[in-house]
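Reviewing the structure listed below.
Basis for what follows: all heavy atoms, side chains included, without hydrogens, waters or symmetry-related copies. Every chain is numbered from 1, with letters handed out A, B, ... down the list of sequences.
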Amino acid sequence: MTARSADPGRVRAYGDKWNDGVVQISFTLPLASSARATEAARQYVAAMGIREPYVALAEPIAPEFTFFVVYGRAAHEVDARAIAAEEVEAAALSRDEIDAEIALRFGRRLVVLGCALESDAHSVGIDAIFNPKGFSGDYGLERYANLDARNLGAQVPVETVVRIAREAAADAVLVSATVTQNEIHVRHLTDLVDMLEAEGLRDRITLVAGGPRIDHRLAKELGYDAGFGPGTTPSRVAAFVLEQASRRMQAPGDAPA
Amino acid sequence: MTARSADPGRVRAYGDKWNDGVVQISFTLPLASSARATEAARQYVAAMGIREPYVALAEPIAPEFTFFVVYGRAAHEVDARAIAAEEVEAAALSRDEIDAEIALRFGRRLVVLGCALESDAHSVGIDAIFNPKGFSGDYGLERYANLDARNLGAQVPVETVVRIAREAAADAVLVSATVTQNEIHVRHLTDLVDMLEAEGLRDRITLVAGGPRIDHRLAKELGYDAGFGPGTTPSRVAAFVLEQASRRMQAPGDAPA
Amino acid sequence: MPPRLGLQAETISRCRRLARDVAEAVRRETEPFTTVSTERSILRLLGVDGVDADDVPVPNRICDALLAAGKLPRGVSLWMGSALARGASDVSEAALRLSRPEGARDIEPHPRWREALAPHVGAGLARVRENRAERERRMARHPPDELPLLYAIVATGNIHEDVLQAAAAARAGAQCIAVIRSTAQSLLDHVPYGATTSGFGGTFATQENFRLMRAALDALEDELGRYVRLVNYCSGLCMPEIAAMGALERLDMMLNDALYGIIFRDINPLRTLIDQRFSRRINAAAGVVINTGEDNYLTTADAVEQAPAVLASQFINESLAKDAGLEPWQIGLGHAFEIDPTREDGLLQEIAQAAAAREIFPDSPLKYMPPTTHLTGNIFRGFQQNALFVLTSVATGQSIHLLGMLTEALHTPLMHDRWLAIDQAKTIRANARHLSDEILFAPEGRIVRRAREVLAGAERVLDGVARIGLFEALASGVFADTRRPREAGRGRDGVIARDPDHVNPFLEEFAREGAGAAR
Amino acid sequence: MPPRLGLQAETISRCRRLARDVAEAVRRETEPFTTVSTERSILRLLGVDGVDADDVPVPNRICDALLAAGKLPRGVSLWMGSALARGASDVSEAALRLSRPEGARDIEPHPRWREALAPHVGAGLARVRENRAERERRMARHPPDELPLLYAIVATGNIHEDVLQAAAAARAGAQCIAVIRSTAQSLLDHVPYGATTSGFGGTFATQENFRLMRAALDALEDELGRYVRLVNYCSGLCMPEIAAMGALERLDMMLNDALYGIIFRDINPLRTLIDQRFSRRINAAAGVVINTGEDNYLTTADAVEQAPAVLASQFINESLAKDAGLEPWQIGLGHAFEIDPTREDGLLQEIAQAAAAREIFPDSPLKYMPPTTHLTGNIFRGFQQNALFVLTSVATGQSIHLLGMLTEALHTPLMHDRWLAIDQAKTIRANARHLSDEILFAPEGRIVRRAREVLAGAERVLDGVARIGLFEALASGVFADTRRPREAGRGRDGVIARDPDHVNPFLEEFAREGAGAAR
Ligand code: B12
Ligand code: B12
Ligand SMILES: Cc1ncc(COP(=O)(O)O)c(C=O)c1O
Ligand SMILES: Cc1ncc(COP(=O)(O)O)c(C=O)c1O
């Protein structure tokens with residue numbers, strides 16, 4: 001008999017045996033440490049559908065707070081085959097291919113703006129996409145022959161972005177959002193979409209968001225064309241911009257799916 | 001406005017705000033690292049009823065396995081007031097008080113055996129309860145004037161325990177179980193109960209289990225009078241033995257609740 | 001005694017001389033000016049506080065009115081004194097008058113303004129001195145603190161949650177509590193008012209928030225048998241005002257960097273360098289320990305390459321601080337453990353840099369910042385880096401240890417993230433207590449050579465800065481490859497050329513007190 | 001070159017001399033005996049394998065039958081040779097005959113038994129030599145391994161899950177894979193047969209399990225560009241049999257301690273000390289690196305108090321190993337990082353003990369075991385202790401680093417527990433690569449003094465043991481406060497006084513090969 005292997009239709013956590021479903025959960029409950037608090041932790045985890053919850057640690061971290069580390073078995077199953085991971089749909093192209101395609105399809109350089117909005121002073125993310133140096137060996141947009149890439153930096157007011165987008169007739173605006181506490185990023189990202197729409201620019205521009213807490217799904221929800229998370233490389237972004245800009249050229253005026 | 005405080009009827013995890021329900025979950029899925037696998041992890045956690053699951057880490061730890069660290073909000077609530085934590089019911093007494101009570105109630109020394117069963121060679125736990133040195137400043141049972149405490153050590157066959165229990169007319173048998181992989185402790189602990197019953201000794205003896213993975217509930221299920229987990233001090237055990245032995249004296253023959 | 005590298009004393013003093021030249025040039029260039037924020041700080045020290053119906057702080061109203069009336073160049077002191085001499089019953093009535101456009105327009109200088117103002121200057125100074133004495137009394141009641149001091153941050157955005165979590169941290173062993181500011185408060189040209197409950201990535205620095213946290217920490221003193229230090233940020237457009245507020249509410253430490261605002265917040269260089277001086281004057285008088293922000297350089301650039309720039313900046317911050325009257329024990333110099341953990345022998349370089357800072361600034365507390373940029377969603381790896389960070393901190397005799405969070409890459413600290421960090425630091429600090437006495441560095445080895453290299457690099461940087469001057473250096477991007485021209489950046493319009501008869505009575509007092517003696 | 005403590009060479013050699021005396025006395029006392037397990041090992045080396053209908057291994061059947069027939073004192077070799085000389089077509093047929101009671105009863109010694117047996121002895125030795133050569137060939141193909149070697153355990157109880165997880169560990173960077181045995185296999189007086197899938201706290205050591213894991217690791221060699229070492233336990237009642245199996249299946253390391261079984265498993269001292277010698281003879285010939293188990297002392301007693309006992313035991317294990325023909329490079333001496341992490345300056349003591357072991361046994365690999373007893377359900381704290389353990393290991397030049405698990409207190413390692421440990425060790429090993437070259441110990445400091453104290457203590461222990469002899473020392477509880485009388489304990493009945501003409505052809509061969517030269 002060999003070790004039973006996974007059924008992609010019924011995926012479960014692997015601890016040290018197939019489908020044992022072992023998971024580790026940690027959290028703090030606002031209860032003074034006691035057998036009662038430990039039982040509360042067990043019930044809290046049980047309520048998640050975790051079997052055989054075992055409280056490995058019940059540490060009093062303040063008079064009325066206890067930190068717990070709990071192990072147990074999550075009997076839940078995921079059908080990996082059925083998953084349509086929300087992913088940015090754009091072929092992976094090299095810098096040269098992209099430059100070539102732009103020349104071919106547009107016969108001009110595409111104007112791409114980059115920034116972080118309002119109070120967000122984190123520029124390293126947007127710099128990683130724009131600066132020639134790029135990210136993990138992949139050159140930044142400013143190195144692309146056929147991209148007129150302008151990095152506006154961080155802490156740029158929404159109005160400023162919109163003004164420059166109009167003046168420069170930008171093809172794409174790339175926004176970096178890093179500070180997410182109390183959903184502040186949602187606020188700023190939405191403000192930008194609203195103002196672009198108010199100015200009738202939204203449809204003409206490929207709008208992309210990125211940042212450590214951004215993913216494609218969230219960006220779509222906020223009215224962006226795409227969202228990129230941790231580890232994004234510039235070329236993937238450039239390829240997407242090319243893709244979208246082309247669509248817009250074909251169907252001017254109306255936003256693509 | 002001051003920070004909202006907890007409603008003991010609706011307890012939830014505290015991350016950095018009251019009732020934000022923030023929990024951290026880590027596990028490995030038998031899937032190659034990919035956007036799909038990350039989505040599977042999100043769904044697995046969502047299936048536990050965790051809101052806004054955020055995959056902080058998706059680390060390929062083997063060709064077909066990915067390790068995940070996920071944060072999210074567990075909206076579940078626990079009614080802390082309703083919890084009856086399964087706890088050993090015995091007043092906390094000092095060594096002197098216990099010795100005095102034994103003299104008073106029994107007029108003789110109580111015979112207490114200790115051991116770890118069969119293949120389990122872990123003796124530190126049972127030693128912590130029996131050895132004079134004791135545990136975290138609390139003297140061991142061998143220091144009690146009115147306990148005839150006999151530590152049989154580890155790896156003691158079940159038959160041996162039963163034989164000695166009969167010969168010594170033991171009042172209590174204390175069993176330590178440390179190795180729990182593949183439920184081996186359940187097997188050995190149950191064997192002992194069965195054999196004691198077969199020999200008609202069960203009712204005469206206070207039967208106690210202990211160990212890092214033992215708790216009162218489990219011990220009860222397995223037919224023991226009590227179970228003690230990590231951090232147990234000898235005096236708590238002695239107090240319980242006194243309690244139970246007294247009950248047995250009053251209602252000889254039939255096992256107490 | 002931490003292990004020694006045997007760095008050349010001459011090189012070190014040459015660096016110090018260069019830095020002093022830089023600082024003196026800055027003073028000459030900034031002395032002709034005052035700023036709206038400096039004037040507002042004077043008002044706050046005089047006891048002016050509160051906001052008007054539109055939530056605009058009274059000090060802002062007054063300065064704006066006087067500015068509009070063309071009267072600010074002579075300084076708020078003259079006008080407050082005159083208002084009082086002309087019958088204003090007290091400071092708030094005087095403030096009320098001057099905050100009205102017509103009040104500001106019509107006020108005439110009064111010959112006896114100084115006498116009228118004196119008692120209020122005295123009252124402000126008295127409160128600052130009393131707070132300092134109070135701190136010293138409280139500290140004297142307890143055994144000396146274990147070093148390095150464990151410094152924990154709270155950053156919920158809600159002062160009440162902050163108080164709850166700060167108390168938990170203090171009980172767990174934190175010795176300094178820093179309330180992180182809401183993002184980019186440095187860009188506000190006024191200080192928000194009252195208790196605040198919604199900030200982003202931090203909680204607004206307001207005088208009421210200072211008071212609430214101070215009271216919460218004082219309340220723990222007897223239970224803990226130690227005094228818990230309170231820290232906030234004294235940088236940005238309101239640098240000196242926050243210094244004043246801190247002095248009035250007995251804060252113990254202030255993040256107070258001469259260049260941070262310029263480089264990382266694009267605040268006007270002139271404005272910042274004028275403000276940093278008065279803010280540090282106030283901190284000096286208040287007995288506050290400042291923390292410089294060199295760690296920030298390492299968050300955008302490679303920590304190995306930037307090491308010389310960090311050291312150079314420490315020398316400059318030190319001399320600007322001394323120039324403003326701070327004693328060495330008040331000058332907490334910042335640096336950080338930011339080298340890529342996967343780098344071969346990277347730990348040796350961290351040790352070299354930490355030991356070098358200790359050897360070069362023997363009388364100043366060193367504020368050691370945790371790994372941040374190289375932390376990822378792997379919280380276990382993060383906890384490991386923080387363990388090496390604590391050990392390095394203890395082994396090299398650092399003074400103020402900012403606790404690293406295993407979740408640094410994910411969110412502002414959760415309750416238990418902070419607890420884990422405190423427990424980690426306490427455990428390792430004790431477990432390695434005397435390690436610094438027991439290890440020596442191999443002569444001419446990798447660690448010693450690295451330290452020398454960094455010092456030599458710093459000297460080169462300082463040499464360049466001294467030659468062209470700090471303003472020119474900032475303009476040409478010497479620091480963090482960021483160009484900040486003298487006249488550009490936020491808040492330039494708040495810089496005002498002083499009238500010949502402009503007075504800052506507090507500066508005069510501080511000078512008399514000889515706080516400046518250290519210079 | 002790891003930092004030196006400057007321990008007195010005389011003291012060290014005095015300890016060695018005392019240990020040698022102990023070892024020689026043990027040999028004199030054990031030479032008159034053989035054991036059932038030693039005889040079964042001879043059978044296995046001759047090629048006897050398999051189980052009968054009742055799952056009893058054929059080697060056990062034969063020894064039992066010969067014992068019953070009173071023929072075992074003359075040794076299985078004589079009877080196997082005679083059976084062959086009397087027409088048994090091959091080893092298995094000879095084995096079959098002797099495994100039957102009547103077969104054992106009726107067999108007569110044959111004058112030409114040696115000639116008949118010789119080819120089979122030769123075949124056995126050839127396979128052992130060929131495996132050793134094969135290992136050397138494979139290793140020669142790759143660059144030398146990075147040190148310390150990262151040693152990971154698998155312990156699922158199911159050999160197939162073990163294989164899966166071992167491959168994952170090897171790919172992640174593990175250089176040694178140890179398959180932990182099912183609990184208390186040491187108490188079985190036979191070796192289970194075939195592939196097994198249900199063990200407790202580990203997986204049964206069987207020859208088939210050895211083969212499966214060996215094949216799985218060899219299959220990774222080209223992908224990884226390195227040879228992955230396989231480890232198992234060669235202790236307990238079947239000590240030499242497992243050594244034989246390991247030699248036949250090309251295991252690379254064996255946990256093989258002269259005293260572990262006696263002290264921690266209550267196995268008869270005489271039996272163990274006879275068996276350890278032949279098992280080590282086999283390991284010597286097979287080019288196996290043994291690991292001693294001194295770490296176990298620290299799991300029941302305080303690591304600071306026990307340090308001298310650990311060192312004394314290392315000296316004894318070393319001399320018994322040399323006495324059995326093992327070269328210094330084959331003698332992996334065990335110790336552990338088990339001091340209470342909350343102990344003041346505890347880390348300094350760990351460093352002192354680790355550096356002392358390195359200095360005292362310069363030519364032997366040191367097997368450094370992770371913190372276990374002080375690990376708790378706080379998995380983060382556990383990960384932190386393991387980080388300090390790795391750093392200490394690297395800084396003091398340890399050779400074999402057993403990876404600590406953050407979940408040590410909870411369960412046998414999960415897939416990702418192991419990955420985290422490997423990633424941690426790889427990262428710190430590189431990040432601190434040359435740290436051992438760069439630090440020195442303060443002369444006469446806490447670390448140096450502690451090392452001296454431990455060595456002095458060890459000398460006292462050895463002195464006592466040498467005076468009364470090892471058996472008496474074991475009986476009087478010198479080690480781990482556990483009393484083990486010479487005649488008590490499991491498996492005493494398996495000890496048999498040898499007949500004058502008893503021969504062990506393999507021992508003869510090993511001696512001829514001069515493996516024993518090292519003595
Ligand atoms: C560096 C840093 C800083 C530096 C910023 C310097 C600078 N000029 O950028 C300094 C020290 C100034 C700083 C300050 C603060 N910071 Co900060 N900082 C960080 C840190 C350590 C690293 C961020 C970073 O540079 N990552 C490296 C880049 C390359 O990664 P990235 O941003 O994810 O970008 C990649 C992808 O996301 C993607 N991407 C990013 N943007 C975009 C955009 C587009 C269009 C696309 C396609 C892709 C894309 O591509 C990039 C390459 O793959 C993080 C913690 C951490 N380890 O992550 C905290 C962190 C981001 N900071 C934080 C906070 C709260 C602050 C402060 C607000 C704290 C305070 N109150 O003072 C301040 C104020 C800053 C402000 N006003 O916004 C929090 C945010 C918490 C949250 N989620 O809300 C973090 C997570 C730390 C923490 N745990 O508290 N910070
Ligand atoms: C020390 C130790 C050993 C020593 C044991 C020495 C000895 N004579 O006891 C040695 C090295 C021999 C050993 C060997 C093995 N061990 Co071990 N060992 C441990 C270790 C490190 C510490 C256990 C300990 O001493 N705890 C200290 C005592 C005081 O705590 P305690 O037992 O919980 O006891 C307290 C309470 O539980 C309670 N209590 C305990 N018993 C009783 C009884 C009664 C009646 C009462 C009232 C209370 C009570 O009171 C005590 C005081 O508060 C743990 C890991 C860890 N950190 O916990 C692994 C561990 C227990 N061992 C483990 C394993 C698997 C083994 C082996 C089987 C591995 C192998 N295959 O070789 C072997 C074989 C042992 C065997 N045959 O059983 C696993 C068990 C996994 C599992 N849950 O199944 C652990 C968890 C390590 C791991 N992660 O793999 N081990
Ligand atoms: C000196 C100094 N001031 C201020 C800040 C951050 O505050 P703000 O975001 O308000 O600029 C930092 C951040 O590290 C700092 O080092
Ligand atoms: C030398 C040695 N043999 C064997 C073992 C454990 O195996 P068993 O449980 O079969 O005795 C150990 C455990 O650490 C050991 O150190």
Side-chain angles (χ1 to χ4, degrees), chain B residues 24-33 41 57-70 116-128 131-133 135-136 151-157 160 177-188 211-213 215 229-231, chain D residues 155-158 164-173 180-188 197-203 223 263-267 296 299-302 372-373 375-377 379-380 406-423 480-482 490:
Chain B
Q24 174 272 126
I25 304 184
S26 68
F27 53 86
T28 292
L29 290 184
L31 296 171
S33 154
L57 178 71
E59 182 76 48
I61 61 171
E64 293 300 319
F65 292 84
T66 308
F67 174 51
F68 295 95
V69 173
V70 183
L117 297 172
E118 300 291 345
S119 64
D120 199 331
H122 292 89
S123 58
V124 181
I126 193 67
D127 291 347
N131 290 3
K133 182 156 165 290
F135 188 74
S136 68
N151 184 351
L152 309 180
Q155 293 189 355
V156 187
T160 315
T178 298
V179 180
T180 62
Q181 206 199 33
N182 299 332
E183 306 302 311
I184 188 164
H185 61 311
V186 173
R187 183 187 305 183
H188 295 147
R213 290 294 201 102
D215 60 32
Chain D
T156 67
N158 177 329
L164 176 92
Q165 296 187 31
R171 286 197 167 98
I180 302 291
R181 284 200 296 189
S182 180
T183 169
Q185 180 172 352
S186 17
L187 307 186
L188 302 180
T197 58
S198 60
F200 302 96
T203 306
E223 174 189 338
I263 298 166
F264 296 99
R265 289 286 179 270
D266 193 11
I267 295 173
N296 293 291
T299 60
T300 50
D302 178 69
T372 63
T373 49
L375 263 62
T376 67
I379 58 178
F380 300 98
L406 75 169
T407 53
E408 168 67 23
L410 306 176
H411 48 240
T412 45
L414 304 182
M415 186 90 150
H416 49 262
D417 294 340
R418 201 179 291 106
W419 183 87
L420 284 167
I422 295 168
D423 179 66
D481 320 294
T482 318
R490 300 182 171 82

Of the listed residues (Leu410(D), Asp423(D), Leu414(D)), which shares the most heavy-atom pairs with chain B below a 4.5 Å separation?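 Winner by heavy-atom pair count: Leu410(D).
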
Of all of Ala169(D), Ser182(D), Gly199(D), which one pairs up most often with chain B through heavy atoms under 4.5 Å apart?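 Counting heavy-atom pairs under 4.5 Å, the top option is Gly199(D).
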
Given a strict heavy-atom distance threshold of 4.5 Å, which part of [X] is in contact with chain D: side chain, backbone, both, or neither?
{"X": "Glu59(B)", "value": "side chain"}
{"X": "Phe27(B)", "value": "backbone"}
{"X": "Pro63(B)", "value": "side chain"}

Looking only at side-chain N and O atoms, does Gln181(B) offer a donor or acceptor that is under 3.5 Å from a partner on Thr412(D)?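 Side-chain D/A pair, Thr412(D) to Gln181(B): present.
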
Hey, is Arg171(D) close enough to Glu223(D) for a salt bridge, meaning N to O under 4.0 Å?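 So Arg171(D) pairs with Glu223(D) through a salt bridge.
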
Can you see which heavy atom on Thr160(B) is nearest to which on Val156(B), and at what distance?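 Closest heavy-atom pair between Thr160(B) and Val156(B): CB-CG1, 3.8 Å.
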
Heavy-atom pair of closest approach, residues Pro60(B) and Trp419(D):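 For Pro60(B) versus Trp419(D), the nearest heavy atoms are O-NE1, 4.3 Å.
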
Qualifying residues under salt bridge (charged side-chain N to carboxylate O under 4.0 Å, His left out), relative to Asp417(D), sequence neighbours excluded: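 Testing Asp417(D) for salt bridge (charged side-chain N to carboxylate O under 4.0 Å, His left out), a comparison that skips the adjacent residues, returns none.
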
Could I get the full list of side-chain contact (heavy atoms from CB on, under 4.5 Å) partners for Ala58(B), not counting sequence neighbours?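 Residues passing side-chain contact (heavy atoms from CB on, under 4.5 Å) with Ala58(B): Thr38(B), Val55(B), Thr66(B), Phe68(B).
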
Best-contacting candidate, Ile184(B), Val124(B), Asp127(B), Asn182(B), against chain D by heavy atom pairs under 4.5 angstrom: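 When all of Ile184(B), Val124(B), Asp127(B), Asn182(B) are compared, Ile184(B) has the most.
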
Go through the atoms of Thr373(D) and report whether side chain, backbone, both or neither lie under 4.5 Å from a heavy atom of chain B.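 Nothing of Thr373(D), per the 4.5 Å heavy-atom cut-off to chain B.
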
